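What follows is a single structure, written as structure tokens, with notes after it.
Every value quoted in this text rests on a predicted model; they were computed, and no experiment measured them. Excluded from the calculations below are hydrogen atoms, water molecules and symmetry mates; all remaining heavy atoms, backbone and side chain alike, are included.
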Amino acid sequence: MRSPRRCSRNGCPRQAVATLTYVYNESTAVVGPLAAFAEPHTYDLCEPHARSLTAPRGWDVVRHEGEFEPPPPTTDDLVALAEAVREAARPVTPRPPEDDHQTAHPSPHTGRRGHLRVIPPNH
């Protein structure tokens, strides 16, 4: 399953709920609801960072005045979750029994540990 988009601020582990876009030719920073897709030259922000953003001197900030809400799960997320549940519920097929002679007396050159086997180099 995809992980939710995180805040772009360094060290911030929170989920993003807003998108920051700079409009350079108008010297404006726009903070709005989270964009549907991550775009180059935009920044995803958590609610505290979206609400506290300040712009450089001479710039304007246009900020969404409503609530910032996390995006609802997409159908991709729901399909991935359903597939993971199906995979976990799938019965495990029993493995055929190992040759008792081989596991009881392994060769001095071949070791066995769990499902891994050490194979000696060719001489």
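Put simply, V62 and V23 are part of the same group of oily side chains (I, L, V, M, F, W, Y) that touch within less than 4.5 Å, one to the next.
Residue N25 places its CG atom among more than 12 non-hydrogen atoms of other residues, nucleotides or ligands, all under 6.0 Å distant.
A 4.5 Å side-chain heavy-atom check between V17 and L34 finds every atom pair outside the cut-off.
With hydrogens and angles ignored, the 3.5 Å screen pairs no side-chain donor or acceptor of R6 with any backbone N or O of C12. Side chain of R63 to main chain of L53: a donor-acceptor pair is present (N/O by atom type, distance under 3.5 Å, no hydrogens or angles).
Atom OH of Y24 is separated from atom NE2 of H41 by 8.5 Å, given to the nearest 0.5 angstrom. With rounding to the nearest 0.5 Å, the separation of CG in L45 from OG1 in T19 is 7.5 Å.
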